[in-house]
**Student:** 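So that we are looking at the same thing, I have put the structure below in structure tokens.
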Amino acid sequence: MDFRFTPEQEAFRQEIRDFLQEVLPSSKAVAEDAWLLGFDRAFSKKMASRGWIGLTWPRQYGGQGRSYLDRLILTEELLRHGAPVAAHWLGDRQMGPSILRYGSEAQKAAFLPGIVSGDLVFCIGMSEPGAGSDLAGLQTRAMQQGDEFVLHGQKIWTSFAHQADYCYLVARTTPEGPKHKGISEFLVDMKTPGITIKPIVDMTGAHHFNEVFFDDVRIPQEALVGEKDRGWYQIASQLDYERSGIERLMSNYALMDAIRRHVRDTGRDRSEVVRHRLAQLHIEFTMGKLMIYRVAWLLTQGVVPNAESAAAKAYCTEFEQRLAQAASELMGGYGQLLPGSPCAPLDGRVARAYLYAPAYTIQGGTSAILRNIMATRGLGLPV
Ligand SMILES: Cc1cc2nc3c(=O)[nH]c(=O)nc-3n(C[C@H](O)[C@H](O)[C@H](O)COP(=O)(O)OP(=O)(O)OC[C@H]3O[C@@H](n4cnc5c(N)ncnc54)[C@H](O)[C@@H]3O)c2cc1C
């Protein structure tokens, strides 16, 4: 077995580092959660000019036809350096691949160029107040009337809805019958009349997700992605893509680095307890990285990872929580001071990370749901 990267992969990693050094002044870097909080359309345009959005997509659709490992190297470096990638993140990671797989040729022509050029921002309209883990219980309706669908309902926790050009919406198209059937996916222009967006501010004081209300919203039938009423089966594989990226492991990478430096600079690394704690974090981080690389490797083999993806997401996001907990304990009482407080170590990043950490094991599927997937689909245990 050879765990080294090829010379081409190493050269690509260096190319990304050089690019970031050139275009990303440290003042613009977003230390933690850059893929959710670093929203910067101009930066996305710069990425696009290098061909780094849609990296794995076929060339005929504006992609580069590169491997999933190359994409992993790219995302790893972007997150390591706090690059503000949020504007293109969902389109690149999820919506583009979904359109490639299920969209019509007209949809591919209409949307993929805008994603690879860094112009189109997407949000994902899945969760509802009564339907999160149990997504099949969703109530938002899209009823066909002639050559239109008419939307009524509410979504919640919709990241970037207030900045997005399009929503990748999941709605019920046939109310009768089993709840997994009768669900469809749509590409909804966020400027369509009847859409109301209300911000939700999280515990850290940040606003990136929202409630979205659809009241008599009329969209053309061309907005339907794939087959009507077959959306449930499309969603399952889209979530496998969503779950397994390195953002599940590296949202707090800069914090881990900063803690290591802080402990060294203050001489606290003389304590064996502190050294062990940091070593343990490093071991767990490395384990998580191997799991995520395995998922990317499976993708390069043409396998859609399912239980592997669930295991990687559950392990890595729980690691992120342990990291935030350890950071808080290593900093002692001062670590609880929020950004902006005088004397807050590392500008309050420790407290912010601690407050944000519960979100990691909820977004993209809770750990309990992921364990169900590992048990049933991975280990073949009875449902
Ligand atoms: C930061 C963040 C960003 C998000 N962004 C988006 C977004 O952009 N678009 C979007 O659509 N959604 C988004 N979400 C919503 C997210 O997908 C849901 O919160 C998640 O799927 C859980 O659903 P819920 O909140 O309804 O919790 P519930 O499903 O009500 O779960 C509550 C608890 O019950 C447990 N539970 C539920 N069912 C089972 C079961 N069958 N077995 C065992 N335990 C179970 C869960 O593990 C959890 O602990 C985001 C969430 C967060 C935190």
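Counting starts at 1 for both ligands and their atoms, following the listed order. Note that this is a predicted model, so its numbers are computed, not measured.
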**Student:** Please tabulate, one line per pair, the protein nitrogen or oxygen atoms found under 3.5 angstrom from a nitrogen or oxygen of ligand 1, with distances to 0.1 Å, or say none if there are no such pairs.
**Tutor:**
residue	atom	partner	partner atom	Å
ligand 1	5 (N)	Trp157	O	2.9
ligand 1	5 (N)	Ser159	OG	2.9
ligand 1	8 (O)	Trp157	O	3.4
ligand 1	8 (O)	Ser159	N	3.0
ligand 1	8 (O)	Ser159	OG	3.3
ligand 1	9 (N)	Ile124	O	2.8
ligand 1	11 (O)	Ile124	O	3.4
ligand 1	11 (O)	Met126	N	3.0
ligand 1	11 (O)	Ser127	N	2.7
ligand 1	11 (O)	Ser127	OG	3.3
ligand 1	12 (N)	Ser127	OG	2.8
ligand 1	17 (O)	Ser127	OG	3.3
ligand 1	23 (O)	Ser133	N	3.3
ligand 1	29 (O)	Ser133	N	2.9
ligand 1	29 (O)	Ser133	OG	2.5
ligand 1	42 (N)	Asn372	ND2	3.3
ligand 1	47 (O)	Thr366	OG1	2.7

**Student:** Going by the side-chain hydrogen bond (donor to acceptor under 3.5 Å, both in side chains) test, which pairs reach into residues 330-339, not counting sequence neighbours?
**Tutor:**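 Matches after skipping sequence neighbours: none remain.
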**Student:** Do other residues, nucleotides or ligands put more than 12 heavy atoms under 6.0 Å from Arg66 CZ?
**Tutor:**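 For Arg66, atom CZ is crowded (more than 12 foreign heavy atoms under 6.0 Å).
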**Student:** I want to know whether Phe12 and Phe5 have ring centres closer than 6.0 Å.
**Tutor:**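 Here the rings of Phe5 and Phe12 have centres that are no less than 6.0 Å from each other.
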**Student:** Would you list the pairs meeting ring pair (Phe, Tyr, Trp, His ring centres under 6.0 Å) in which at least one residue belongs to residues 349-383, sequence neighbours left out?
**Tutor:**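 Only Tyr356-Tyr360 qualify under ring pair (Phe, Tyr, Trp, His ring centres under 6.0 Å).
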**Student:** Is the centre of the His162 ring less than 6.0 Å from the centre of the His208 ring?
**Tutor:**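 No.
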**Student:** Linking Ile, Leu, Val, Met, Phe, Trp and Tyr by side-chain heavy atoms under 4.5 Å, what else ends up with Ile195?
**Tutor:**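 Answer for Ile195: Phe149, Leu151, Leu169, Phe186, Val188, Met190, Ile197, Val212, Phe214, Val217, Ile219, Leu224.
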